[in-house]
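Following: one structure in structure tokens, then a few remarks.
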There are 2 protein chains.
Amino acid sequence: MFNLYRWGRSVLQKNITAHDIANHLGISQSTVSRVFTPGASVSEKTRRRVLEAAELLGYRPNMLARSLITKKTNMIGLVMGDIDNPFYPEVLSKLSGELKKRQYNVLLLNAENDDVPSESLIQFLGYNIEGLVVTDVLLSSSIVSQFAELDIPIVLFNRYTTNAHCHTVCCDNMDGGRRIGEYLLRTGHRRLAFISGDPNTSTSQDREKGFRDALLNEGLHFMTESGGYTYEMAYEAANRLFLRADRPDAIFCANDIMAIGAIDAAKKLGVRVPEDVSIIGFDNIKPAAWAGYDLTTWTQPVDRMIEATIDLLLEKIEEPDRRSQADYQWIKGHLVERNTVMTRNKND
Amino acid sequence: MFNLYRWGRSVLQKNITAHDIANHLGISQSTVSRVFTPGASVSEKTRRRVLEAAELLGYRPNMLARSLITKKTNMIGLVMGDIDNPFYPEVLSKLSGELKKRQYNVLLLNAENDDVPSESLIQFLGYNIEGLVVTDVLLSSSIVSQFAELDIPIVLFNRYTTNAHCHTVCCDNMDGGRRIGEYLLRTGHRRLAFISGDPNTSTSQDREKGFRDALLNEGLHFMTESGGYTYEMAYEAANRLFLRADRPDAIFCANDIMAIGAIDAAKKLGVRVPEDVSIIGFDNIKPAAWAGYDLTTWTQPVDRMIEATIDLLLEKIEEPDRRSQADYQWIKGHLVERNTVMTRNKND
DNA sequence: CTGTTAGCGCATTCAA
DNA sequence: TTGAATGCGCTAACAG
């Protein structure tokens, strides 16, 4: 009889290989491999024996060796931008969760202050990641072309470029901005202001552009301040706005964090929200729902965006020629009415 | 002369290997390998030629093949608990950043609601991760022993167990709780309350225990409510507290999110903070500093905790016998005084 | 259904 | 300093 010690290896050995199992069972290594290869043909009996021995000895196929041959690592690179915005941890968590459901693992890279470390991305290539998701930042074109040459798909989450190799899943920011503008108009606001995020980002630009379009239809202009997507800068920006002679009756902030900063600034100055000024945000992060703010805002449909991201990415990976998914997807959000906007008398 | 096409491969070829470079240069594959192996001996001249050709052809060593031999993958597994608490995205981002500085990459796994997917962790073993960092959750002992058998170190961040194989880097929660208790006593509070987090977590338990110790020294008891580490539950818990006949004059919440919920509950009921009730949190997350809350709280020294985590983990990985780092580290935080606690007249 | 063989791309002996 | 040879652990033909 074969037994655990027959081949001079103890149960406590660290690296059990398919070979060990094969020897232990007196079968060939490739048969063992077949048991762990979906779709390979093995008799039910040997399958059971192998599985049993594997369980006993603690065998687990070595993904690295496997990947070396199959060229499938099941690893996806994830580049995270602005983690300070609570919107993105949510994205991160859901994205990695969904990816795991589909058998993919996430190799993480965080890009602090818009500075995507190119060398790390190149390292990722060394690990043979099969795809890349990039949230809220842009990649250098040199990096993009390296990925392109290797046919590794890239999906930009909430960003877009004209670079043909980058696909995009994005909240329809223009639409959001426009409909927020229309909403503010419809509720009787006339002295409007916009606090922008980082002016270099398409998210901020598009929200502003949509907003402008809506106002232009009514022949209205609006004041602008820069809030850099941070609480502190938006707080200051709002202060400047409130101190103006023609103080706005509504402020649209390019994200919720800034809207919260604006609300706090208003409180400090004794400007009442929404009686004296309406404030509206964008993202619908958790704190927006807190009783202390109760912020009217715009929802980014995270779940649908993530679903689209994954469907797009995995289609590119698994059936590159299928192209059933659009390469650029703009997903519309919707208004969440809470209590920071009030309807005004148009003859105010 | 050799040229790019001599070996029938075009510049656009997808997978350039060390062999390709070798052929292109008319040298051996092992020489090419040496150029990319720190400490190997290659003449300066060939090193330059190889590097040049590599650059030209876009060669990059395949980490998988390399790891197969060296047993070094430079990958660290990271299990993230409660990502809803803004404290943890910060940890995530800093941890992965520091790890990258030390040449390690992060394989991510997020554990939603305390449910660590064991199969995913076992998958991680297949990828030959070299270490595991676990934030704010606990692992099943069966998983831990599998890691132990393979000598893969585990560092628990903000959790601890008696399991010998798990090392720990933790904010000294008992100390924090105690010193918060002492602070509240010193500032004249006598009717104290505690809103706990998830009662199963050591973080909540220890903060409560320290708090109790401080009060016991003065022979005081305190009211307790459960806030489950969420804004909503803490809001309700605070409501119950405020409606009692013996309404507390100070509430210690086991984290900032809950303290914010408590503040909002107070506002809603017209209970003034800090005039009628003092509120103190734990974590010092960003929103605690917002003007709308201006929360007095306890800082977890994130940077030092992360540094300790990495030092500990990498020592276990790189020089397992050195043991210069303590296996269990409790790091003390400190009070951040803002405006939700006021000194009371002891004869009130 | 199973065993044999041949690599995947690389680091690492051992000679030269 | 370099090249030839070997094998890490595995999958994928190819026979049988």
Side-chain angles (χ1 to χ4, degrees), chain A residues 7 9 13-51 53-54 57-75 123 125-130 150, chain B residues 7 9 13-51 53-54 57-75 123 125-130 150:
Chain A
W7 302 95
R9 295 175 172 292
Q13 174 200 350
K14 285 187 55 173
N15 293 304
I16 309 285
T17 73
H19 238 103
D20 298 327
I21 303 292
N23 288 343
H24 176 227
L25 256 29
I27 59 180
S28 81
Q29 180 267 324
S30 41
T31 300
V32 175
S33 170
R34 285 192 187 94
V35 172
F36 295 93
T37 305
S41 77
V42 201
S43 77
E44 199 43 50
K45 189 179 150 206
T46 50
R47 152 171 275 109
R48 261 195 306 98
R49 290 182 65 210
V50 168
L51 254 19
L57 301 185
Y59 168 72
R60 199 180 5 269
N62 182 323
M63 302 306 280
L64 283 70
R66 171 181 285 177
S67 300
L68 201 52
I69 299 173
T70 60
K71 308 295 182 204
K72 263 202 84 56
T73 56
N74 280 38
M75 291 200 290
Q123 262 204 35
L125 290 179
Y127 281 100
N128 291 18
I129 60 171
E130 298 187 52
L150 296 170
Chain B
W7 303 96
R9 297 176 171 290
Q13 173 199 351
K14 286 186 55 173
N15 294 303
I16 310 285
T17 71
H19 239 104
D20 298 327
I21 304 292
N23 289 342
H24 176 227
L25 257 31
I27 60 180
S28 78
Q29 177 265 321
S30 37
T31 301
V32 175
S33 170
R34 286 191 186 91
V35 172
F36 294 93
T37 305
S41 80
V42 201
S43 77
E44 198 44 50
K45 188 178 152 206
T46 50
R47 150 172 275 111
R48 262 196 303 95
R49 291 182 63 210
V50 168
L51 255 19
L57 300 185
Y59 169 72
R60 196 179 8 268
N62 182 323
M63 302 307 280
L64 284 74
R66 170 179 285 180
S67 301
L68 203 51
I69 300 173
T70 60
K71 307 295 180 203
K72 263 202 82 57
T73 56
N74 280 39
M75 292 199 289
Q123 263 203 37
L125 290 180
Y127 281 100
N128 292 17
I129 60 171
E130 298 188 53
L150 297 169

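Quick caveat: nothing in here was measured; it's all calculated off a predicted structure. All values below were derived from every heavy atom in this structure, side-chain atoms included, with hydrogens, water molecules and symmetry-related copies excluded.
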Using a heavy-atom cut-off of under 4.0 Å over every strand shown, decide if [X] touches base, sugar-phosphate, or nothing.
| X | result |
| --- | --- |
| Ser43(A) | sugar-phosphate |
| Thr70(A) | sugar-phosphate |
| Ile27(B) | sugar-phosphate |

Heavy atoms, side chains only, cut-off 4.5 Å: are [X] and [Y] in contact?
| X | Y | value |
| --- | --- | --- |
| Asn62(A) | Asn128(B) | yes |
| Thr73(B) | Glu130(B) | yes |
| Val32(B) | Leu25(B) | no |

Which atom pairs, one a donor and one an acceptor, fall under 3.5 Å between side chains of residues 63-70 of chain B and the rest of the protein, sequence neighbours left out?
from     : atom 1 : to       : atom 2 : distance (Å)
Arg66(B) : NH2    : Phe36(B) : O      : 3.3
Ser67(B) : OG     : Met63(B) : O      : 2.6
Ser67(B) : OG     : Lys72(B) : O      : 2.9
Thr70(B) : OG1    : Arg66(B) : O      : 3.1
Thr70(B) : OG1    : Lys72(B) : N      : 3.2

Can you tell me the distance, in whole Å, between the [atom1] atom of [X] and the [atom2] atom of [N]?
| X | N | atom1 | atom2 | answer |
| --- | --- | --- | --- | --- |
| Arg66(B) | dC8(C) | CZ | C1' | 16 Å |
| Lys72(B) | dC10(C) | NZ | P | 19 Å |
| Arg34(A) | dC1(C) | CZ | C1' | 8 Å |
| Lys71(B) | dG9(C) | NZ | P | 18 Å |
| His19(A) | dT4(C) | NE2 | C1' | 11 Å |
| Asn15(B) | dG7(C) | CG | P | 17 Å |
| Met63(B) | dG9(C) | CE | P | 16 Å |
| Leu25(A) | dT2(C) | CG | P | 11 Å |

Any donor and acceptor pair, going by atom type alone, linking the side chain of Asn23(A) with main-chain N or O of Asp20(A) inside 3.5 Å?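 Such a contact is absent between Asn23(A) side chain and Asp20(A) backbone.
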Donor-acceptor under 3.5 Å (Tyr59(B) side chain, His19(B) main chain):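 Here the side-chain-to-backbone pair does not exist.
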From the 5' end of DNA chain D to its 3' end, which nucleotides mark the outer limits of contact with chain A, defined by a 4.0 Å heavy-atom distance cut-off (strictly under)?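 Endpoints of the contacted stretch of DNA chain D: dG9(D) to dA13(D).
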Least distance between heavy atoms, [X] atom then [Y] atom:
| X | Y | result |
| --- | --- | --- |
| Met75(B) | Tyr127(B) | CE-O, 3.4 Å |
| Arg60(B) | Leu125(A) | NE-CB, 3.4 Å |
| Leu57(A) | His24(A) | CD1-ND1, 4.0 Å |

Measure the angle between the two terminal helix axes of the helix from dC1(C)-dG16(D) to dA16(C)-dT1(D), five base pairs each, and quote it to 10°.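 Axis angle across the helix from dC1(C)-dG16(D) to dA16(C)-dT1(D), nearest 10°: 30°.
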Side-chain N or O of Ser41(A) versus OP1/OP2 of dC1(C): is the shortest distance under 4.0 Å?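 Answer is yes, contact under 4.0 Å.
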If you assign each of Leu68(B) and Gln29(B) to its closest nucleotide in DNA chain D, which residue comes earlier from the 5' end?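 Residue closer to the 5' terminus by nearest nucleotide: Gln29(B).
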Using the closest heavy atom to pick a nucleotide of DNA chain D for each, name whichever of Thr37(A) or Thr46(B) lands nearer the 5' end.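 Result of the comparison: Thr46(B).
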